[in-house]
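The structure under discussion appears below in the form of structure tokens.
Sequence lines set the chain letters: A, B, ... in the order given, protein chains first and strands last, and positions in each chain run from 1. Bear in mind that the values here come from a model prediction, so they are computed numbers and not experimental data. For the numbers below, each heavy atom of this structure counts, side chains included, while hydrogens, waters and symmetry mates do not.
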2 protein chains.
Amino acid sequence: MRKFTANEIAAAQNHIAQTPPENIDPRIENLVNELIGRVADKWTMIVLDILAEKGEMRFTRLGELAGGISQKMLTQTLRQMERDGLVIRTVHPVVPPKVEYRLTELGMSLGAAFCGVWIWASNNLDRVEQARQSFDQKAAKS
Amino acid sequence: MRKFTANEIAAAQNHIAQTPPENIDPRIENLVNELIGRVADKWTMIVLDILAEKGEMRFTRLGELAGGISQKMLTQTLRQMERDGLVIRTVHPVVPPKVEYRLTELGMSLGAAFCGVWIWASNNLDRVEQARQSFDQKAAKS
DNA sequence: TTCTATACTTACTTTTTGGAAAGTGAATAT
DNA sequence: ATATTCACTTTCCAAAAAGTAAGTATAGAA
């Protein structure tokens with residue numbers, strides 16, 4: 001049997017068609033959401049950051065700088081980024097292999113876009129930490 | 001920065017402690033990474049976006065606008081965001097219950113920081129789409 | 001009296017994720 | 001002959017994430 005989303009159920013229960021949140025094309029919304037869901041991934045962001053500030057880099061070094069990533073995840077992340085047009089992978093036909101990664105212009109522009117988030121994070125670390133502590137204290141009292 | 005041969009790197013790694021990538025405090029790096037890992041979560045970003053542009057909102061409506069989120073995940077996301085000091089949860093003591101969520105200033109500033117990412121995503125949707133297609137075509141040929 | 005509405009919580013199951021470890025290939029060094 | 005290098009790939013498995021469905025509380029409406 002087909003499954004329903006919370007939205008469909010809610011709409012059905014209300015007996016009304018759901019009104020769209022905005023008048024912009026929902027397909028675009030969906031695509032943007034999907035893209036953000038993909039791109040806003042921990043390792044993608046970290047790799048992006050490293051390549052943005054260090055430039056071209058080889059696989060192993062990238063893994064070292066990323067800190068705690070497994071080979072599997074690194075390959076996976078890099079392949080996705082390559083597929084999305086964020087990085088360029090250059091294979092030098094030598095033995096042992098040498099593969100270099102660097103950002104495309106698209107990748108660099110994404111890095112720039114995320115820049116604000118990095119800045120926010122470093123600026124607001126302690127605010128978040130404080131908020132958590134007071135939240136946890138309140139929770140402990142109940 | 002000068003490049004090393006595979007041999008030089010290997011030799012160095014065998015005999016020296018690895019030098020940190022940067023001279024900034026690695027604890028801060030870690031914290032920022034952790035914070036970004038938490039905050040750069042699909043639902044967090046979507047909820048943030050909705051609250052940023054629509055203002056205060058009730059639980060169910062939020063779920064409708066988020067699209068396809070389960071109650072469990074919505075509660076979870078909202079709780080985390082509350083704990084991190086990003087949203088304020090206001091319970092109105094009525095029956096049936098009425099609970100409203102709105103961004104704190106911290107939440108709004110995070111929304112602003114992510115703004116760049118949203119803009120990037122909507123601007124570059126087709127570029128990414130194209131990149132994927134050509135990548136998949138190349139892959140299919142091999 | 002039974003139903004409805006809202007905002008959850010809980011228990012259970014399924015799906016996804018990701019780590020660990022071993023294997024690959026080909027040239028060069030020992 | 002054997003070891004070593006890099007950039008992977010693959011397989012297996014445990015753990016985490018997330019969906020599903022049912023339950024809860026309470027006032028007022030039908």
d([atom1], [X]; [atom2], [N]) in whole Å:
X	N	atom1	atom2	result
A:R61	D:dT5	CZ	P	17 Å
A:I69	C:dG19	CD1	P	7 Å
A:L74	C:dG18	CG	C1'	13 Å
A:H92	D:dC8	NE2	P	11 Å
B:M57	C:dA7	CE	C1'	16 Å
A:Y101	D:dC6	OH	P	14 Å
A:K98	D:dC8	NZ	P	14 Å
A:R58	D:dC8	CZ	C1'	13 Å

Exercise for the section: Please state whether the phosphate of C:dA7, meaning OP1 or OP2, lies under 4.0 angstrom from any side-chain nitrogen or oxygen of B:R79. Expected result: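 Answer is no, no contact under 4.0 Å.
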Handout entry: Presence of B:T60 side-chain N/O under 4.0 Å of C:dA7 phosphate oxygens OP1/OP2
Key =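 For C:dA7, OP1/OP2 do have a side-chain N/O of B:T60 under 4.0 Å.
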Does any non-hydrogen side-chain atom of [Y] lie less than 4.5 Å from one of [X]?
X	Y	answer
B:V39	B:L86	yes
A:I36	B:W118	yes
A:W120	B:L106	yes
A:L65	A:I46	no

Provide a list of protein-nucleic acid N or O atom pairs under 3.5 angstrom, restricted to nucleotides 12-18 of chain D.
| from | atom 1 | to | atom 2 | distance (Å) |
| --- | --- | --- | --- | --- |
| D:dA18 | N7 | B:K72 | NZ | 3.1 |

Problem - Verdict with supporting geometry, B:L78 and B:F59, side-chain contact (heavy atoms from CB on, under 4.5 Å) - result: CA-CA 9 Å; B:L78 252 10; B:F59 183 85; 4.0 Å; yes
Problem - For B:E100, the option from B:H92, B:R89, B:R61 that meets side-chain contact (heavy atoms from CB on, under 4.5 Å) - result: B:H92
Practice task
Please report the closest heavy-atom contact between B:V117 and A:A113, naming both atoms and the distance.
Solution key: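 That closest heavy-atom pairing would be CG2-O, 3.7 Å.
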Practice task
Can you see which heavy atom on B:Y101 is nearest to which on B:R79, and at what distance?
Solution key: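 In this case the closest contact between B:Y101 and B:R79 is OH-NH2, 4.1 Å.
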Handout entry: Whether A:F114 and B:F114 hold their rings parallel, tilted or perpendicular, with breakpoints at 30° and 60°
Key = perpendicular
Practice task
Would you give a per-nucleotide map of nucleotides 22-28 of chain C, 5' to 3', where B means the base has a protein non-hydrogen atom under 4.0 Å away, S means only the sugar-phosphate does, and - means neither?
Solution key: ---BBB-
